[in-house]
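Because only heavy atoms are used, hydrogens play no part in the values below, and waters and symmetry mates are left out as well, while side chains stay in. Counting starts at 1 for both ligands and their atoms, in listed order.
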Amino acid sequence: MKEIIEGLEKRREQARLGGGQARIDKQHAKGKLTARERLDVLLDEGSFEEYDMFVTHRCTDFGMEENVIAGDGVVTGWGTINGRMTYVFSQDFTVFGGSLSETHAKKICKIMDLAVQNGAPIIGLNDSGGARIQEGVASLGGYAEVFWRNAQASGNVPQISVIMGPCAGGAVYSPAMTDFIYMVKDSSYMFVTGPDVVKTVTNEIVTAEELGGAGTHTKKSSVADAAFENDIETLLEVRRLFDFLPQNMNEKAPSRKTQHDEKSLDKSLDTIIPSNANQPYDMHEVITKIADEGDFLEIQKEHAGNILVGFMRMNGEVIGVIANQPMVLAGCLDIDASKKAARFIRFCDAFNIPILTLVDVPGFLPGTNQEYGGIIKHGAKLLFAYAEATVPTVTLITRKAYGGAYDVMASKHIRADVNYAWPSAEIAVMGAKGATEIIYRSELGDKDKIAKRTKDYESRFANPFVAAERGYIDDVIMPHSTRKRLIRAFSTLKNKRQDAPPKKHNNIPL
Ligand code: HXC
């Protein structure tokens, strides 16, 4: 028996070595951790249970039968993060460059199936050269099996992808179908085709970093949600994100005890709105002043800064925040902001996370750039996402809520549950100057007359009371009492029930 046990230990040791010490050293030399070291950082100490450690590929072409490595380039199983279970896979770049074979795909599919069956999230650590070239269509089939499961799991259990090395070809499409993508700066890349192919096909000369590095995907393409300095920081940030997410569509996100008094008042909010309506202020400040312990986990921080999205807790309960940011483009809604916020709202709605919307929006950004880019369709995504949401939704207008953007930003009319405004709110079809210049066009030559008309318009509409008189705003609240009032509003919505009319699925303008 002793020998048998030793035999098992030996096989395990062999499997843990992956592609061998030389390749592990190479991985370390690039500043990257190995697949197993990454799981050690991601998961609670000692919680990882590995499956399929002895699985090997079945390829016999190109001499592959001589090159068989236990585990076949991916470490799979489950573990816990702060005590909560998650399924995981971690690709091992030291084994055939983490490339995906038929059996490598089967291992990933197994844990995806278990995750859906057992209602736990899936976290994938990706570090892969794409399809295992020696396997051809068997590898492509493997990818498609993973993709299909990504779609099935979407909205059922949270899926997080971490890009921790080169991810080419098929290796980018599975992450793209998951809920969140985190990248590591300077060592992770995502592209459908690499720089060499780009050069051949389009004659463009571009580095891997420019084509698909963390900067490109967090700022320009918005494929990735955040990027961090190195493997360790990235994995610790994944743990932080995980703490805001529920296990599955039937559960609530985890509450956490807070020292922050639910009734605390913050006088500094009374002076945060500048006296000049065209002067910006930082909406981050409002968020951190009302969040438990000032903690706000921002998603897509580097992209479309005119809208802020992310998670916080209020009185211990997770809330998804969507907020216009007057510091960027005066808080206007544009294509990028609409897409960013719409996707976030849909995530919150799918996973029972109540939504808080902070509104200071002068309207949709005008111009040919936006119109040709399809702002109508993309803006409609945001409107659609809010209108279809059934989770508790509370809205606070801090300053401007003009025109269509008033309707879109979780107004009462598209079924926000509680709508508040600060006394500084201006709820109108448009700003006073623009409105006056349209309705009094014939008087445009007379500056004094126009100034008086503008003043009249302002005093009639540049306030929250016209909307409050109609019940579109439930109350005009003191800024300093915001945290208390919002916590109380969300507490009334705890048992909210709202069903959508029957359908197979809706047809959001994609
Ligand atoms: C098999 C692969 C591999 C692959 C890398 N390796 N990619 N083996 N299939 N796809 C192996 C290498 O042979 C090498 O083996 C080891 O992994 C490390 O690779 P290097 O090239 O030495 O590493 P590096 O210089 O860091 O470059 C990494 C890389 C490069 C950028 C990923 O290897 C590369 O460009 N690979 C090919 C990428 C690709 O075109 N994949 C197919 C995409 S098509 P040894 O034994 O020397 O250690 C696709 C279709 C799916 O995925 C579409 C579905 C929609």
Side-chain angles (χ1 to χ4, degrees), residues 17-35 56-75 89-109 112 124-151 161 163-178 181 183-202 206-214 216-217 223 231:
L17 261 186
Q21 194 57 47
R23 291 194 183 88
I24 292 176
D25 293 344
K26 221 168 148 187
Q27 181 89 345
H28 285 159
K30 288 183 199 157
K32 293 161 67 179
L33 299 178
T34 65
T56 53
H57 71 71
R58 294 168 202 148
C59 181
T60 51
D61 293 309
F62 306 103
M64 284 294 277
E65 66 274 28
E66 305 298 326
N67 199 358
V68 174
I69 296 172
D72 203 27
V74 62
V75 183
F89 70 85
S90 180
Q91 290 178 316
D92 184 350
F93 193 78
T94 70
V95 179
F96 309 116
S99 58
L100 185 132
S101 68
E102 186 183 9
T103 44
H104 178 129
K106 278 211 163 100
K107 285 182 65 172
I108 295 177
C109 289
M112 292 179 82
L125 310 185
N126 297 269
D127 191 354
S128 167
R132 175 90 44 93
I133 293 166
Q134 296 89 334
E135 290 203 9
V137 72
S139 166
L140 299 184
Y143 261 130
E145 290 288 340
V146 175
F147 301 155
W148 183 81
R149 281 168 176 79
N150 285 130
S161 298
I163 312 299
M164 311 196 76
C167 285
V172 296
Y173 273 107
S174 169
M177 291 169 83
T178 62
I181 298 181
M183 292 183 78
V184 187
K185 286 182 191 167
D186 303 322
S187 63
S188 75
Y189 310 95
M190 298 178 79
F191 26 69
V192 173
T193 53
D196 295 345
V197 178
V198 169
K199 184 162 178 265
T200 312
V201 178
T202 71
V206 64
T207 62
E209 184 62 38
E210 288 163 350
L211 187 63
T216 297
H217 288 311
V223 164
D231 282 16

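- Evaluated by nearest non-hydrogen atom to atom 4 (C) of ligand 1, the leading choice among Gly194, Ser99, Ala144, Gly165 is Ser99.
- Scanning the protein for heavy atoms near atom 9 (N) of ligand 1, the closest one is Ile133 N, 3.1 Å.
- If you number the atoms of ligand 1 from 1 as listed, the ones under 4.0 Å from a heavy atom of Lys30 come out as 26 (O).
- The heavy atom nearest to atom 17 (O) of ligand 1, considering only Gly73, Gly97, Gly20, is found in Gly97.
- Judged by distance alone, with hydrogens and angles left aside, the side-chain atoms of Ser161 form no donor-acceptor pair with the main-chain N or O of Gly124 at under 3.5 Å.
- Listed by atom number, the atoms of ligand 1 under 4.0 Å from Arg23 heavy atoms are 45 (P), 46 (O), 48 (O).
- Closest to atom 50 (C) of ligand 1, if we only count protein heavy atoms, is Leu140 CD2, 3.7 Å.
- Annotation for ligand 1: atoms under 4.0 Å from non-hydrogen atoms of Gly130 are 52 (O).
- When the options Gly129, Gly142, Gly170 are ranked by their closest heavy atom to atom 51 (C) of ligand 1, first place goes to Gly170.
- Closest heavy-atom approach to atom 31 (C) of ligand 1 within the set Pro166, Ala208, Ser128: this belongs to Pro166.
- Close N/O approach between Phe93 and ligand 1 is not found [any backbone or side-chain N/O within under 3.5 Å].
- Nearest protein heavy-atom neighbour of atom 10 (N) of ligand 1: Ala131 O, 2.8 Å.
- The heavy atom nearest to atom 55 (C) of ligand 1, considering only Phe147, Tyr143, Phe96, is found in Phe147.
- Atom 22 (O) of ligand 1 has Lys26 NZ, 4.3 Å as its closest protein atom, hydrogens excluded (heavy atom only).
- A salt bridge is defined here as a Lys NZ or Arg NE, NH1 or NH2 lying under 4.0 Å from an Asp or Glu carboxylate O, and Arg132 with Asp72 meets this definition.
- Under a 4.0 Å criterion applied to the non-hydrogen atoms of Gln134, ligand 1 contributes the atoms 1 (C), 9 (N).
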